[in-house]
Amino acid sequence: MTDTAHLEDLNERQRSAVTFARPDTAAGLTSDPLLVIAGAGTGKTQTLSHRAAHLVLSGVDARRILLLTFSRRAAEEMTRRARGICDAALAARGRRGQAVSLPWAGTFHAIGARLLREYAPALGLSPNFSILDRADAADLIDVCRQQLGLALRTRRFPRKDTCLAIYSQVVNRRAKLAAVLETRFPWCVAHHDALKRLFAHYTERKQHLALLDYDDLLLHWALMMREPGLAAGLAARFDHVLVDEYQDTNLLQAEILRGLAPTGAGLCVVGDDAQAIYGFRAADVDNILGFADQYAGARVVRLERNYRSTQAILDAANTLMADAARRYDKQLASARGAGLRPRHIIAHDGADEARHVIEQVLARRETGVALKQQAVLFRNAHHANEVEIELVRRDIPYRKYGGLKFLDAAHVKDLLALVRWAANPANQIAAYRALQIVPGVGPASAQRAFERLEADDWSLVRLGRQPAPRQADAEAWCGLVDTVAALAEGAGGWPATLEPAAEWLKAQLPDRYEAPTTARAGDIDDLVRIAARYRDRDRFLTELTLDPPAATGDHNDDAHLDEDYLVLSTVHSAKGREFDSVYLLHVADGTFPSEYTARSPADLEEERRLLYVAFTRARNVLEVVSPLRYHVTEQRRLGDRHVYGAISRFMTPAVRACFSARDVGTPVDAPVSAAAPASLRAALDVGAAARRLWD
DNA sequence: CTTGCCTTCGTTTTT
DNA sequence: CGAAGGCAAG
């Protein structure tokens, strides 16, 4: 007899999703397949964490619940909430609950890494495989390209990032190379055969060197599910599989789920097709749109009562989505009343945009809304530049999510390369990078040293006994090899073993980088401090790669937890979050939608959804800014660096009717440059640009 | 073979 | 404007 007090703060729909179970089984031990279509702000997280808690309270073993999320933040949040619900319920029953945890909550990639580590022997994988982040994977592709002689100048070959992107699409879409090239990379079609060879070689190298890229974590997991014996064993470990953000899963992930729950029994997926914004990463909206066809007897529950935003904001969001092509029809209804109309601000240029937004943020703060409750959102990281400059100038603290990451800094990568090489001496990418830190060691010496290492059964210790390369700084060389060997040994325990490596690297900084290097040394110390938070070296590497610190400065969040700061974030990074006030920058055609994705109708739909995600982050205040004249980042040679653009095509008259409009900034006085690109000439007339606003 | 300087090229979103 | 690739000097 289950006490139901914990279900009281749910609405009827939510409760039906939380308690959904097969009627003929006791205590909800299993259920038919369940799809929860949860509109923005309708309590998706609440519902999923309640379901997990409810299952545990009904007697399901928490270790037999698999909870797959999109980001680590989401996994932690849900685990935390589920624990809170369980604790409260157990306390109410007068039972002293031991804290409930969900040991199998995590991202697809993180859970995949964990399972592959465990099943490595059965899969012919080295259990100490390293995970390549994006940049490392691209570097390995580059090495392969050299090895195959594809880097010839006779014919332009796609660059490494493009090669990796193509590869990734092929893997995640489970598609033929030719098809991917034709639809998404038409300018590379001529290189079909060479790419095929390249990918074959890349795959072979990864296998040989015990390296897995992001896609491999899913691919190998999916391959494992194709092996009936292994699949059955894995499926038997879990009674319930709960999936968050199902609209952002791809075909590989769908295949994995199919293997874990072949009939759909125990499978519960939650998502919102209107918020599918990861198509560029091969996510497939058809997963969620076709769920009921995929799993016979699936139950669909729709959540439409919105607890986040005011109705005025939801009206704008609903109107925006009314034009969408394919979708689960839903109208969000606010539980919070009418509220203020959102505002559409027409700014003269980027500077006015920045100034206006900051003034509004400060004004809002005067009414008692903390900076942390306010967010400036944008499509591309660089759109925030002018706002950032202004924030620094006015000494307003902020934190930026998306864009340049802490781990992208060259010196941080250096230290990681040392640790990665130590963890897996066959990690060619880490080895190359580490070796080339030594003055006088370039690609060729690094290559030869690596070959010697391979020929000598990957023994770092014996590599140290061999003479240094001719031109190498002998002292630094010895320092490097000793340092890495000690790291491999793990002497002194984690993270103390990291200290000598950090010190050695800091000693190299003046040679390697321009002065001043104090900031770089500080970053290295920060990384050492971060390392201390992880149990051991391997967990540090794995988790850091799968979940890099989200924001610049995020790595010292413990210290600044109570500080107030304004949030700057890409729309993508803001998914799943909410703020009292949202200011959306640069709502211009070419950005919303992006000029790069405006080609196919499907891409265009995704751009609309991106705007929808941005709108629906706001609780009380939404301001959308369109600068008329802005800095153009491409075609710099073609003359003037400012162009006049058009307001986003998604801001249709019907959508604009949901907003109140206002102009800010000085009237246009700058003469129009005759050198502006011809394609933009039609928009050069400010009067015409202004008229277009009200068409 | 390494390194530093010069040219050219291409630009989104991220687990 | 920044990164990456090519070329020449040490």
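Chain identifiers are assigned alphabetically (A, B, ...) following the order of the sequence lines, protein sequences preceding nucleic acid strands; residue numbering begins at 1 within each chain. Quick note: numbers below take in every heavy atom, side chains included, and nothing from hydrogens, waters or symmetry partners.
Here B:dT14 presents its P atom at 10 Å from NZ of A:Lys400, a figure rounded to the nearest Å. If you take CG of A:Leu164 and C1' of B:dT14, they are 12 Å apart, rounded to a whole angstrom. Between the CZ atom of A:Arg159 and the C1' atom of C:dA3 there is a distance of 9 Å, given to the nearest Å. Atom CG of A:Asp139 is separated from atom P of C:dA4 by 9 Å (rounded to the nearest Å). Atom CG of A:Asp473 and atom C1' of B:dT3 are 15 Å apart (whole Å). In this structure, A:Asp142 places its CG atom 10 Å from C1' of C:dA4, rounding to the nearest Å. The distance from atom CD of A:Gln436 to atom P of B:dT3 is 8 Å, rounded to the nearest whole Å. We find that CD of A:Glu543 is positioned 14 Å from C1' of B:dT15, with the value rounded to whole Å.
Within the nucleic acid shown, A:Pro439 comes within 4.0 Å of sugar-phosphate atoms alone, with no base atom in reach, counting heavy atoms only. At a threshold of 4.0 angstrom between heavy atoms, the contacts of A:Ser445 are confined to the sugar-phosphate backbone, with no base atom among them. Within 4.0 Å of A:Phe70, counting heavy atoms only, lie sugar-phosphate atoms of the nucleic acid but no base atom. Within 4.0 Å (heavy atoms only), A:Val441 reaches sugar-phosphate atoms of the nucleic acid but no base atom.
In this structure, of B:dT14, B:dT12, B:dT2, it is B:dT2 that holds the atom nearest to the side chain of A:Gln471. Checking B:dT13, B:dT2, B:dT15 against every side-chain atom of A:His572, the shortest atom distance belongs to B:dT13. Nearest nucleotide to the side chain of A:Asn380, out of B:dT15, B:dT12, B:dT2: B:dT12. For A:Arg448, the listed nucleotide lying nearest its side chain is B:dC1; candidates were B:dT15, B:dC1, B:dT2. With B:dT13, C:dG5, B:dT15 as the candidates, the nucleotide lying closest to the side chain of A:Arg145 is C:dG5. The A:Ala444 side chain lies nearest to B:dC1 when the options are B:dC1, B:dT13, B:dT14.
To the nearest whole angstrom, the two C1' atoms, one in C:dA4 and one in B:dT13, are 22 Å apart.
Of the candidates A:Leu123, A:Leu260, A:Leu252, A:Asp216, A:Trp221 forms a side chain to side chain contact (heavy atoms under 4.5 Å, CB included) with just one, namely A:Leu260. Among A:Glu605, A:Glu607, A:Glu606, the single residue meeting the salt bridge (charged side-chain N to carboxylate O under 4.0 Å, His left out) criterion with A:Arg609 is A:Glu606.
Under the stacking definition used here (centres under 5.5 Å, planes under 30°), the residue A:Tyr278 fails to qualify as stacked on the base of B:dT14.
For residues 441-450 of chain A, no residue pair satisfies the salt bridge (Lys or Arg N to Asp or Glu O under 4.0 Å) rule, not counting sequence neighbours.
Minimum interatomic distance between A:Ala282 and A:Asn172 (heavy atoms only, all atoms of both residues): CB-CB, 3.4 Å.
Evaluation of the side-chain contact (heavy atoms from CB on, under 4.5 Å) rule for A:Ala354 yields A:Glu386, A:Val387 as partners, not counting sequence neighbours.
For the pair A:Thr570 and B:dT14, the criterion of a side-chain N or O lying under 4.0 Å from OP1 or OP2 is met.
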